[in-house]
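Scroll down for the structure; my scribbles are underneath it.
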Amino acid sequence: MRIAGAIIAGGRGSRMGTPHKALLALPDGSTPVARLIAALGGAGCAPLLIAANDAEPYVAFGLPVVADRRTGCGPLAGIEAALLATDTEAVCVVPGDQPLFDQTAVERLIADWDGRLAVAHSERMQPLCAVIGRALALEVSAALDRGEHAVYRLWDRLGAAAVRFTDDRVFVDLDVPEDLARL
């Protein structure tokens, strides 16, 4: 079974003040994107790619960068781009602003994938931490065609398998400058 890995990094980052939250310097000198590349690759995902509308900042990582096929549609458009950019059985997606989502978390998602759609859950659904079967690319595109942009609503409607996590720290995200300071 081949599962690609995709980092969803195309957001505007308006609350953080930069659209490239995945490139922020972390206290240990690493970046979220470098950590996520290591997590996905270490879990056996291949090929790896970055879903972002601005490829230039990510060139140094040597991975393909795929742009959304639709503008202004949020992370669901990044998921669509990732699904359409590979010929693997599935794509494991992770958000570019969750630097603590590590190899163990990726392996857990993959292990609990039901062959269709598995999504991480802690206190709530973590819709951008998911393993999505390529057959669902049509469903994702159809939702976008209808003007639907909420990833969690689509996953609910599609009956996503819930992968339960008890350690919420892996879902720490970088939305505002204070989040970076807390790391």
Side-chain angles (χ1 to χ4, degrees), residues 2-26 30-41 43-99 101 106 109-110 117-120 126-155 158 160 171 173-176 180:
R2 288 181 49 228
I3 298 178
I7 299 166
I8 306 299
R12 293 184 311 236
S14 53
R15 291 182 289 160
M16 181 59 83
T18 176
H20 307 296
K21 296 187 293 184
L23 297 172
L24 291 170
L26 300 172
S30 69
T31 61
V33 72
R35 286 183 175 197
L36 293 166
I37 288 168
L40 289 165
C45 295
L48 301 179
L49 59 92
I50 299 169
N53 293 317
D54 183 3
E56 182 60 32
Y58 299 100
V59 169
F61 295 95
L63 297 178
V65 179
V66 297
D68 296 354
R69 294 171 181 240
R70 309 157 195 254
T71 58
C73 295
L76 192 57
I79 291 170
E80 177 190 46
L83 286 168
L84 297 175
T86 180
D87 64 353
T88 57
E89 292 176 55
V91 177
C92 179
V93 298
V94 294
D97 67 349
Q98 286 187 348
F101 202 78
V106 173
L109 265 181
I110 292 169
L117 176 62
V119 180
Q126 302 291 331
L128 298 185
C129 298
V131 180
I132 309 152
R134 285 249 2 270
L136 293 178
L138 293 174
E139 295 284 347
V140 171
S141 294
L144 287 164
D145 289 344
R146 290 188 300 270
E148 297 174 20
H149 300 161
V151 180
Y152 71 93
R153 285 190 189 126
L154 180 58
W155 293 166
L158 293 175
F171 302 113
D173 60 355
L174 303 174
D175 287 331
V176 295
L180 187 58

Using modelled atom types and a 3.5 Å cut-off, is there a donor and acceptor pairing between side-chain atoms of Asn53 and backbone atoms of Asp68?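 Between the backbone of Asp68 and the side chain of Asn53 there is a qualifying donor-acceptor contact (under 3.5 Å).
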Check: Between Arg69 (side chain) and Gly78 (backbone), is there a donor-acceptor pair under 3.5 Å?
Finding: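 Checking the backbone N and O of Gly78 against the side chain of Arg69, no donor-acceptor pair under 3.5 Å is found.
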- Message: Show the nearest heavy-atom pair for residues Ile50 and Ala9, with the distance to one decimal.
- Response: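 Closest heavy-atom pair between Ile50 and Ala9: CG2-CB, 4.1 Å.
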Looking only at non-hydrogen atoms, find the nearest pair between Val65 and Ala52 and report the distance.
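So the minimum-distance heavy-atom pair works out to CG1-O, 3.6 Å.
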TODO: Just grab all the salt bridge (charged side-chain N to carboxylate O under 4.0 Å, His left out) pairs involving residues 81-94, residues at least two apart or on different chains.
DONE: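 Those involving residues 81-94 are Arg2-Asp87.
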ask   = Which residue pairs pass the salt bridge (charged side-chain N to carboxylate O under 4.0 Å, His left out) test when at least one of the two sits in residues 44-60, sequence neighbours left out?
value =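 Matches after skipping sequence neighbours: none remain.
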Taking side-chain contact (heavy atoms from CB on, under 4.5 Å) as the definition, give me every residue that meets it alongside [X], ordered by chain and number, with sequence neighbours left out.
X: Ala38; answer: none
X: Ala82; answer: Ala6, Leu49, Val91
X: Pro127; answer: Met125, Val151, Tyr152, Trp155
X: Ala120; answer: Leu109, Gln126, Cys129, Phe165, Phe171

Identified side-chain contact (heavy atoms from CB on, under 4.5 Å) partner of Leu128 from the options Val119, Ile79, Leu76, Ile7: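 For Leu128, the side-chain contact (heavy atoms from CB on, under 4.5 Å) test succeeds with only one of Val119, Ile79, Leu76, Ile7, which is Ile79.
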Could you walk me through whether Leu154 and His149 pass side chain to side chain contact (heavy atoms under 4.5 Å, CB included), step by step?
CA-CA 8 Å; Leu154 180 58; His149 300 161; over 6 Å; no
Side-chain heavy atoms of [X] within contact of [Y], under 4.5 Å:
X: Cys92; Y: Ile132; result: no
X: Leu117; Y: Val131; result: no
X: Pro32; Y: Leu26; result: yes
X: Phe101; Y: Leu36; result: yes

Tell me, please, which residues at least two apart from [X] pass side-chain hydrogen bond (donor to acceptor under 3.5 Å, both in side chains).
X: Gln98; value: none
X: Thr31; value: none
X: Arg70; value: Glu80, Asp145

Checking Leu83 against Ser141 for the side chain to side chain contact (heavy atoms under 4.5 Å, CB included) test, could you report, in this order, the C-alpha distance in whole Å, the side-chain angles of both residues, the deciding distance, and whether it holds? CA-CA 10 Å; Leu83 286 168; Ser141 294; over 6 Å; no
In chain order, what residues pass the ring pair (Phe, Tyr, Trp, His ring centres under 6.0 Å) check against Phe61, with sequence neighbours excluded?
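In terms of ring pair (Phe, Tyr, Trp, His ring centres under 6.0 Å), with neighbours along the sequence ignored, Phe61 is linked to no residue.
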Spacing of CG belonging to Leu158 relative to CG belonging to Leu136, to within rounding of 0.5 Å: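 Atom-to-atom, Leu158:CG and Leu136:CG are 6.0 Å apart.
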Rounded at 0.5 Å granularity, tell me how far CD in Glu148 sits from SG in Cys73.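 The SG atom of Cys73 is 11.5 Å from CD of Glu148, to the nearest 0.5 Å.
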